[in-house]
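Order of listing sets the numbers, starting from 1, for every ligand and every atom in it. The shown structure was predicted, so the numbers you read here are calculated from the model rather than taken from an experiment.
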Amino acid sequence: MKLKTSKLDLNLKHTFRISRESSDVRNNVLVEIKHQGLTGFGEAAPSPHYNESADSVIDTLSRFSLEGYDDVFLLEDILNHAIETLSPNWSAISALDMALHDLVGKKLGVPLYQLWGLNPAKTPQTSFTIGIADKPEIQEKTREADKYPILKVKLGTDNDEAIIAAIREITGKPIRVDANAAWKDPAEARLKIEWLAGRGIEFVEQPMPERSEAMNRLKQESPLPLFSDEDSRRPEDVPRLADSFHGINIKLTKCGGLREALKMIHIARSLKMQVMLGCMIESSLGITAAAHLLSLVDFADLDGHLLIQDDPFAGVSYDDGYLRIPDLPGIGVTRNPQKPQNDRTPISPN
Ligand code: MG
């Protein structure tokens with residue numbers, strides 16, 4: 001098997017701002033694994049929050065060889081080897097995991113959801129994200145998001161109440177809130193959550209950085225369900241979060257891919273926790289890969305591909321809040337001809 005990496009720069013439709021950063025372009029990485037005339041695709045969406053970049057992903061994968069493997073069905077062997085040698089570069093491992101799963105599905109001629117025995121019609125509606133902005137821009141984005149039935153609103157500013165009030169002037173649709181760990185003080189977090197509870201908010205994601213005792217108390221007192229995101233990176237993180245959060249947000253690029261995400265779902269279920277499937281800003285490749293797991297989760301936040309211009313891949317289609325998974329082998333994406341691939345890096349030596 002041959003592994004190839006190339007940069008995948010995604011231009012955003014609008015500047016995207018959360019409590020700790022803002023961006024106009026996302027520098028992702030495309031991974032291709034070629035074997036016996038088939039190509040498996042994977043996407044890494046590296047995050048500076050986890051000390052990752054497109055260059056670090058490409059460098060990490062240049063140190064991994066698939067030369068010794070001729071059987072793509074040895075997924076466990078290959079991915080265990082990848083985790084042993086490449087961790088903690090989880091977004092690189094995720095792209096490798098995605099490309100291998102895509103290849104397995106293509107070899108067998110079945111979509112991934114079918115491989116796992118999942119019902120592609122039994123999926124939750126996905127939310128659409130509104131980043132931090134001033135009132136006129138927030139209201140303009142809310143109007144633009146008219147066709148999306150659920151909003152996810154980024155908070156963690158000095159004017160969180162004004163942001164929610166501005167949106168509520170426009171719409172009464174369900175809102176989910178993500179503070180991205182920005183509320184530093186448990187008393188502040190509790191007051192904000194109590195204020196939000198009367199305003200049609202479904203749940204709050206990562207209100208504070210993890211502080212077990214304070215978060216445990218917040219969970220007991222919170223009138224709204226609390227979800228972890230920054231704290232629930234990997235399967236081994238889940239058990240210690242059960243006392244602090246009602247649910248976890250899983251992202252492929254954060255945990256190391258589809259195989260690790262499946263583990264997290266099962267661990268969370270065994271702890272009676274709810275599960276959300278989220279994403280970074282990704283093309284339809286990464287989003288469609290994640291969408292195959294949707295029937296196993298309670299909440300979906302798979303909107304990264306809706307925030308970019310010139311999506312280099314075609315995959316899931318959007319249908320009144322629901323993501324429809326293509327009935328094609330593997331992940332089921334095809335290259336979008338409108339955008340030439342930003343193929344600047346050479347084929348890696350393996
Ligand atoms: Mg989040």
Side-chain angles (χ1 to χ4, degrees), residues 12 14-23 26 28 45-52 90-91 94 124-133 138 141 145 148 150-157 160 163-164 167 174-184 189 192-193 196 201-211 215 218-219 222 224-234 237-238 241 244-256 260-261 264-265 268 273-282 286-287 290-291 293-294 297-308:
L12 275 64
H14 299 286
T15 300
F16 187 73
R17 201 177 141 216
I18 67 168
S19 55
R20 62 175 166 262
E21 67 203 24
S22 77
S23 52
R26 281 297 166 123
N28 288 0
S47 166
H49 182 66
Y50 298 119
N51 300 315
E52 297 172 324
W90 298 113
S91 71
S94 173
Q125 283 183 314
T126 187
S127 51
F128 179 80
T129 303
I130 307 270
I132 292 169
I138 284 270
K141 285 180 174 179
Y148 304 114
I150 306 165
L151 298 180
K152 174 161 159 179
V153 178
K154 295 288 191 179
L155 294 184
T157 70
D160 287 342
I163 290 174
I164 296 297
I167 295 170
I175 294 177
R176 299 163 183 175
V177 157
D178 186 358
N180 286 108
W183 300 334
K184 301 296 179 211
K192 294 231 182 187
I193 293 167
L196 290 166
I201 308 299
E202 285 191 320
F203 58 74
V204 176
E205 191 175 316
Q206 196 72 48
M208 297 191 294
E210 190 198 2
R211 286 181 226 164
M215 272 306 309
L218 193 63
K219 182 189 172 188
S222 173
L224 294 174
L226 305 178
F227 276 72
S228 63
D229 180 5
E230 282 82 345
D231 284 338
S232 50
R233 192 170 182 196
R234 292 267 311 137
D237 297 331
V238 183
L241 299 173
S244 322
F245 294 93
H246 301 83
I248 58 167
N249 184 356
I250 299 171
K251 296 174 182 170
L252 300 189
T253 201
K254 188 172 74 151
C255 71
E260 301 299 288
M264 290 180 82
I265 292 170
M273 297 179 85
Q274 292 189 295
V275 178
M276 168 174 23
L277 195 56
C279 62
M280 302 296 187
I281 292 173
E282 301 171 44
I287 299 297
L293 296 173
L294 274 176
V297 308
D298 307 293
F299 300 101
D301 181 32
L302 294 182
D303 66 340
H305 65 309
L306 301 171
L307 305 174
I308 61 170

CG on Asp298 to CE on Met276, rounded to 0.5 Å: 9.5 Å
Contacts of the Mg ion (ligand 1) with protein N/O/S atoms, counting only those under 2.8 Å: Asp178 OD2, Glu205 OE2, Asp229 OD2
Any donor-acceptor pair under 3.5 Å from Asn28 side chain to Ile281 backbone: yes
CA sep, side-chain torsions, deciding dist, call: Ile248, Asp237, side-chain contact (heavy atoms from CB on, under 4.5 Å): CA-CA 10 Å; Ile248 58 167; Asp237 297 331; over 6 Å; no
Asp303 and Thr129: side chain donor to acceptor below 3.5 Å: yes
Among Ile163, Asp178, Leu196, the one residue meeting side-chain contact (heavy atoms from CB on, under 4.5 Å) with Val153: Ile163
Listed partners of Phe227 passing ring pair (Phe, Tyr, Trp, His ring centres under 6.0 Å), at least two apart: Phe203, Phe299
